[in-house]
Each structure stands twice: as structure tokens, then as C-alpha cells.
Amino acid sequence: MHIRGDHAELVVGGRLDVRSAADARTVLHSAVDDGVGDLVLDLTQLDSWDATGLGVIMGAHRRAGRCGRRLVLRGVPPQMQRLLVATRLHRILAIEGGLAAESLPRV
């Protein structure tokens with residue numbers, strides 16, 4: 001896993017999982033604490049995430065809210081969009097441009 005960027009925009013790549021969660025949490029919390037306004041997480045280079053990785057994202061979301069900021073996800077890969085829909089987290093997290101229609105449940 002790698003995270004590049006600053007306190008306004010971070011690019012997350014590789015795998016966000018139990019092995020990388022501690023490092024990712026440290027970087028995300030520093031970015032939230034050191035900036036103002038929206039913090040954009042660009043996930044276009046993210047290969048996968050597990051429940052622990054998703055928990056890191058949710059923790060950063062909560063921390064940003066407490067700091068008066070908003071965490072915004074950009075470029076969420078389709079496989080991860082489906083997970084956000086299945087867990088209903090797409091209703092809580094800010095997702096730039098919304099979700100692709102194919103990831104939404106059919107009515």
C-alpha cells in the first residue's frame with residue numbers, strides 16, 4: 001500500500017488491509033489534523049480493501065467530522081462501490097460523482 005499527497009488530497013494505492021491499516025491510519029489522521037476543508041481520497045489506484053481497511057476509512061471519516069472537515073472519496077473502483085452499497089456506507093460517505101449505476105441495487 002502507498003499513500004501520496006498532502007492534507008487536502010491523498011492518492012491511495014495497492015491494498016488497504018489488515019497489514020497496512022496502522023500505517024494508513026497514521027497518514028490519514030495526520031492529513032485530517034493538519035488541514036482544513038475537504039480531504040479528498042483518490043482511490044483510483046487502490047487494488048482492494050478488506051473490512052479493516054474499510055474501518056480505517058470510516059475512522060478517518062469520523063475524525064474529519066470532529067475536525068469540521070469532510071472526507072470525500074474519489075475514483076472508487078466498481079468492486080469497492082458494490083461493497084459500499086452492500087454495507088450501506090454509500091449513504092454515509094461523501095463520494096465524488098456518486099456511484100456507478102451498476103453498483104446500485106436493482107429495484
Side-chain angles (χ1 to χ4, degrees):
M1 188 232 21
H2 64 272
I3 300 177
R4 296 184 312 269
D6 56 23
H7 58 270
E9 182 174 340
L10 296 172
V11 177
V12 182
R15 295 176 56 131
L16 182 54
D17 56 19
V18 69
R19 290 178 297 161
S20 60
D23 293 336
R25 186 177 297 110
T26 300
V27 172
L28 291 174
H29 286 190
S30 293
V32 167
D33 294 345
D34 294 342
V36 295
D38 288 352
L39 172 59
V40 176
L41 289 187
D42 184 331
L43 304 179
T44 54
Q45 297 178 19
L46 189 64
D47 297 326
S48 66
W49 60 19
D50 65 7
T52 306
L54 188 54
V56 169
I57 298 287
M58 291 307 299
H61 165 77
R62 286 188 300 273
R63 189 179 190 104
R66 287 192 304 270
C67 292
R69 299 186 72 187
R70 187 174 71 135
L71 185 72
V72 179
L73 304 182
R74 173 186 292 157
V76 181
Q79 165 189 359
M80 288 164 244
Q81 289 182 21
R82 287 189 290 278
L83 180 61
L84 291 176
V85 171
T87 57
R88 296 182 181 237
L89 292 175
H90 71 290
R91 297 179 179 196
I92 297 168
L93 294 167
I95 302 170
E96 187 176 86
L99 294 178
E102 62 271 8
S103 67
L104 298 175
R106 300 196 193 292
V107 179

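Just so it is clear, the structure is predicted and the values come from calculations on it, not from any experiment.
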Under the salt bridge (Lys or Arg N to Asp or Glu O under 4.0 Å) test, which residues partner Asp33, sequence neighbours left out?
Arg63
Partners passing salt bridge (Lys or Arg N to Asp or Glu O under 4.0 Å) against Asp38 (at least two apart in sequence or in another chain)
Arg70
State, yes or no, whether a side-chain contact exists between [X] and [Y] at a heavy-atom distance under 4.5 Å.
| X | Y | answer |
| --- | --- | --- |
| Glu96 | Leu73 | no |
| Pro78 | Arg82 | yes |
| Arg69 | His61 | no |

Does the pair Ile3 and Asp23 meet the rule for a side-chain contact (heavy atoms from CB on, under 4.5 Å), with working shown?
CA-CA 9 Å; Ile3 300 177; Asp23 293 336; over 6 Å; no
Can you list, pair by pair, the side-chain donor-acceptor contacts under 3.5 Å of residues 48-57, counting residues two or more places apart and other chains?
residue	atom	partner	partner atom	Å
Asp50	OD1	Thr52	N	3.0
Asp50	OD1	Gly53	N	2.9
Asp50	OD2	Val18	N	3.2

Identify every side-chain donor-acceptor pair in residues 5-15 under 3.5 Å, counting partners at least two apart or on other chains, and give the distances.
residue	atom	partner	partner atom	Å
Asp6	OD1	Ala8	N	2.8
Asp6	OD1	Glu9	N	3.0
Glu9	OE1	Arg74	NH1	3.4
Glu9	OE2	Arg74	NH1	2.9
Arg15	NE	Asp17	OD2	3.2

When you check the side-chain N and O atoms of His90 and Arg88, is any donor under 3.5 Å from an acceptor?
no
At what distance, to the nearest 0.5 angstrom, does [atom1] of [X] lie from [atom2] of [Y]?
| X | Y | atom1 | atom2 | value |
| --- | --- | --- | --- | --- |
| Met80 | Ile95 | CE | CD1 | 12.5 Å |
| Arg62 | Ile92 | CZ | CD1 | 9.5 Å |
| Leu16 | His2 | CG | NE2 | 11.5 Å |

Please report the shortest heavy-atom distance between Cys67 and Val32, naming the atom on each side.
SG-CG1, 3.9 Å
Passing candidate, side chain to side chain contact (heavy atoms under 4.5 Å, CB included) with Leu46, options Thr44, Asp42, Leu43:
Leu43
ILVMFWY clustering at 4.5 Å (side-chain atoms), partners of Val40
Val72
